[in-house]
Amino acid sequence: DAGVTQSPTHLIKTRGQQVTLRCSPKSGHDTVSWYQQALGQGPQFIFQYYEEEERQRGNFPDRFSGHQFPNYSSELNVNALLLGDSALYLCASSLPGTETQYFGPGTRLLVL
Amino acid sequence: SQKIEQNSEALNIQEGKTATLTCNYTNYSPAYLQWYRQDPGRGPVFLLLIRENEKEKRKERLKVTFDTTLKQSLFHITASQPADSATYLCALEGTNAGKSTFGDGTTLTVKP
């Protein structure tokens, strides 16, 4: 059983560019959450998707947007990249009504 | 605003000893609290969950306590091993599952 997978593993962009990160949830999971983790800090919640709708959102600007597809996979889009967007972006999947989240390995984004 | 503090950034102990990590929170009434392990460059891995009406939870060499009066959780690893070396994160969850609020973690090093 494959766990949560994310692509790409690493990415380098320049300021002002746009980026799309992808996530495939664990088999059978239909809820996907995205987190941003800066170096030396804990993950910060960006948003959560369920049934192709954004269900919850953290304190992130509108430059951060997402999408969930019918197969439950998800994308995170970040527009107008800033240096401060450099971080590890984590995707986590879960089943509704359960508390345990399963995290993917993350995508390391570097903005120059 | 909600705040989570994990006792120290780094904890060094000798193999065989018990490691105790602390998670304190303010301005929050979590429905439950979770502990994760994170290795460098990897996503967090779920370890234990404890609910607000539970005082203690155990799993093999791991033990978690939860004191909602003190607003504190303690995480113990008994008979520690060098393989236990990692960063340990605590995360609080309200009634909306999947929107976890994480601390910045404590990096544990177990020396042989």
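A, B, ... follow the sequence lines: proteins, then strands. Residue 1 opens every chain.
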Best-contacting candidate, G106(A), P43(A), G40(A), against chain B by heavy atom pairs under 4.5 angstrom: P43(A)
Residues that D85(A) engages under salt bridge (charged side-chain N to carboxylate O under 4.0 Å, His left out), provided they are two or more places apart: R63(A)
Gap between atom CD of Q34(B) and atom CD of E99(A) - 0.5 Å precision: 7.0 Å
Proximal to chain A - members of residues 38-77 of chain B, heavy-atom separation under 4.5 Å: Q38(B), G41(B), R42(B), G43(B), P44(B), F46(B), L49(B), R51(B)
In one Ile/Leu/Val/Met/Phe/Trp/Tyr side-chain cluster, 4.5 Å: Y88(B), Y25(B): yes
Hydrophobic cluster membership, L90(A) vs Y72(A), 4.5 Å side-chain cutoff: no
CG/L83(A): more than 12 non-hydrogen atoms of other groups inside 6.0 Å: yes
Within 6.0 Å of CZ in R57(A), more than 12 heavy atoms from elsewhere: yes
L21(B)-F102(B) co-clustered via ILVMFWY side chain contacts under 4.5 Å: no
Common cluster, F47(A)/Y35(A), ILVMFWY with side-chain heavy-atom separation under 4.5 Å: no
Residues, nucleotides or ligands: over 12 heavy atoms within 6.0 Å of N71(A) CG: yes
Largest heavy-atom contact set with chain B, pairs under 4.5 Å, which of A38(A), A92(A), P105(A), G42(A): G42(A)
Point-to-point distance, once rounded to the nearest 0.5 Å, from CD of Q44(A) to CG of D104(B): 8.5 Å
Y36(B) side, atom OH; F103(A) side, atom CZ - distance, nearest 0.5 Å: 5.0 Å
